[in-house]
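Take a look at the structure set out below.
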Protein chains: 2
Amino acid sequence: MKQKNELLSKNQQLVFELIEKANEPLKAYSILSSVQKKGIKAPLQVYRALNKLMEIGKIHKIESKNAFVACKNNDCKISKASAFYICENCEDISEVNNFKLTKYLSSFKANNEMKVSKYNLEFFGICKNCQIK
Amino acid sequence: MKQKNELLSKNQQLVFELIEKANEPLKAYSILSSVQKKGIKAPLQVYRALNKLMEIGKIHKIESKNAFVACKNNDCKISKASAFYICENCEDISEVNNFKLTKYLSSFKANNEMKVSKYNLEFFGICKNCQIK
DNA sequence: TTGTAAATGTTATATTATAACATTATTAAA
DNA sequence: TTTAATAATGTTATAATATAACATTTACAA
Ligand SMILES: [Zn+2]
Ligand SMILES: [Zn+2]
Ligand SMILES: [Zn+2]
Ligand SMILES: [Zn+2]
């Protein structure tokens with residue numbers, strides 16, 4: 001059986017590999033400049049790959065930073081539920097992997113409002129590492 | 001005693017009034033074109049007002065839309081905790097006002113990670129109104 | 001093999017946001 | 001009430017992020 005990675009097209013794979021190897025969120029135009037040696041020439045090629053990768057849950061967009069990270073959480077059930085810690089000091093970003101939180105938010109319904117089909121949550125604070133210093 | 005509104009500067013007040021009266025999130029450049037009759041001429045003047053208004057919790061940014069709404073939730077304790085419902089069908093956006101959720105997220109701490117000082121949550125789904133149709 | 005969906009390539013342009021610098025208003029001490 | 005600090009404003013230019021539009025190619029199943 002094929003691995004998920006192999007299902008990616010050429011551009012999608014180039015972009016995904018870069019994001020996956022990075023240890024920080026990457027911006028679209030920074031991705032572009034990195035993959036230009038490998039044939040991708042225009043912003044749109046990057047954005048199309050990014051959109052597809054988000055759709056299938058392999059990456060997430062950190063909305064408050066306009067940056068992209070690889071999913072560390074088993075592709076987040078096709079990207080329906082994502083949550084992040086964002087350190088306001090060192091800018092380190094890590095994906096929250098907490099079953100209780102996922103369950104709580106996925107089933108959240110207040111005041112007869114909408115049924116949630118997807119959510120994105122961004123926590124801000126000072127990370128463990130920065131607290132020590 | 002002065003009302004909170006009166007503490008706003010001229011540009012801040014112009015921008016805030018517009019956002020408060022709107023029944024949908026407003027984009028920065030749409031705000032700009034609306035306030036141009038009233039003397040604001042440049043994007044930066046709008047962005048500065050927006051930043052200040054966010055800082056004091058009178059408005060929030062819907063990160064996934066790059067749009068701004070007035071806080072419907074008693075200024076969200078100086079904008080430290082915000083959550084929204086976003087209808088994927090009609091684009092209607094409403095602020096969640098749910099004490100339990102606020103408490104749960106404000107005190108959320110998993111796996112010895114960071115202490116949360118602020119968060120933003122965006123729920124996506126189909127709103128009550130669109131479900132009926 | 002032929003039709004369809006997905007992906008790509010390319011140019012141009014739209015949208016969102018900040019840099020840099022000069023000036024003016026508002027406050028709160030001295 | 002001068003003075004010094006802080007906040008707000010005005011202005012021009014430019015950076016950064018993202019999509020429109022259209023032509024072409026690839027993948028792949030009916
Ligand atoms: Zn994930
Ligand atoms: Zn940190
Ligand atoms: Zn609020
Ligand atoms: Zn709706």
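Below, chains carry the letters A, B, ... as their sequence lines are ordered, and counting in each starts from 1.
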Distances for protein N/O vs nucleotides 24-27 of chain D N/O pairs under 3.5 angstrom?
none

Tabulate atom names and distances for all N/O pairs under 3.5 angstrom spanning the protein and nucleotides 4-7 of chain C.
{"unit_1": "C/dA7", "atom_1": "O3'", "unit_2": "A/Ser9", "atom_2": "OG", "d": "3.1"}

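Sorted by first then second residue, the salt bridge (charged side-chain N to carboxylate O under 4.0 Å, His left out) pairs that include residues 99-111 of chain A, not counting sequence neighbours, number zero.
Residues forming a salt bridge (Lys or Arg N to Asp or Glu O under 4.0 Å) with A/Lys61 (at least two apart in sequence, or on another chain): A/Glu63. Under the ring pair (Phe, Tyr, Trp, His ring centres under 6.0 Å) criterion, A/Phe108 pairs with B/Phe123, not counting sequence neighbours.
A donor-acceptor pair under 3.5 Å is formed between the side chain of A/Gln131 and the backbone N or O of A/Ile126. Within the 3.5 Å criterion, the main-chain N or O of B/Lys72 finds a donor-acceptor partner in the side chain of B/Glu95. In this structure, the side chain of A/Gln45 does not engage the main chain of A/Asn11 through any donor-acceptor pair within 3.5 Å. A/Ser117 contributes a side-chain N or O that, together with a main-chain N or O of B/Phe124, makes up a donor-acceptor pair within less than 3.5 Å. For the pair A/Gln12 (side chain) and A/Lys52 (backbone), a donor-acceptor distance under 3.5 Å is absent. A donor-acceptor contact shorter than 3.5 Å is absent between the side chain of B/Thr102 and the backbone of B/Asn97.
Hydrophobic clustering, defined by side-chain heavy atoms of Ile, Leu, Val, Met, Phe, Trp and Tyr closer than 4.5 Å, leaves A/Leu44 isolated from every other such residue. Counting Ile, Leu, Val, Met, Phe, Trp and Tyr side chains that sit under 4.5 Å apart, directly or through other members, A/Phe99 stands alone, with no cluster partners.
What separates NZ of A/Lys65 from P of D/dA18 is a distance of 14 Å, to the nearest Å. When the C1' atom of D/dT9 is taken as reference, atom CG of B/Leu53 falls 15 Å away, rounded to whole Å. To the nearest angstrom, P of D/dT17 lies 12 Å from CG of A/Leu50. For A/Asn51 and C/dT8, the CG to C1' distance is 15 Å, given to the nearest whole Å. Rounded to whole angstrom, the span from the CG atom of B/Asn66 across to the P atom of C/dA14 amounts to 18 Å.
Axis deviation across the helix from C/dT1-D/dA30 to C/dA30-D/dT1 amounts to 40°, comparing end segments of five pairs, rounded to 10 degrees.
Residues from residues 37-48 of chain B placing a heavy atom under 4.0 Å of any atom in DNA chain D, listed by number, are B/Lys41, B/Ala42, B/Leu44, B/Gln45, B/Arg48. Less than 4.0 Å separates DNA chain C from no heavy atom of any residue of residues 85-94 of chain B. Listed by residue number, A/Lys27, A/Tyr29 are the residues of residues 26-36 of chain A with a heavy-atom contact under 4.0 Å to DNA chain D.
The shortest side-chain heavy-atom distance between A/Leu121 and B/Leu105 falls under the 4.5 Å cut-off. In this structure the side chain of A/Tyr104 reaches within 4.5 angstrom of the side chain of B/Leu101, judged on heavy atoms.
Here B/Ile19 contributes atom CD1 and B/Lys58 contributes atom NZ; the two are 11.0 Å apart, rounded to the nearest 0.5 Å. To the nearest 0.5 Å, atoms CG (A/Asn129) and CG (A/Asn89) are separated by 9.5 Å.
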May I have the list of side-chain donor-acceptor pairs in residues 23-31 of chain A shorter than 3.5 Å, sequence neighbours left out?
{"unit_1": "A/Lys27", "atom_1": "NZ", "unit_2": "A/Lys65", "atom_2": "O", "d": "3.0"}

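Under a hydrophobic-cluster definition in which Ile, Leu, Val, Met, Phe, Trp and Tyr are linked whenever side-chain heavy atoms come within less than 4.5 Å, directly or via other members, A/Val96 and A/Tyr119 are assigned to the same cluster.
Closest approach of A/Cys127 and A/Cys87 over heavy atoms only: N-SG, 3.4 Å.
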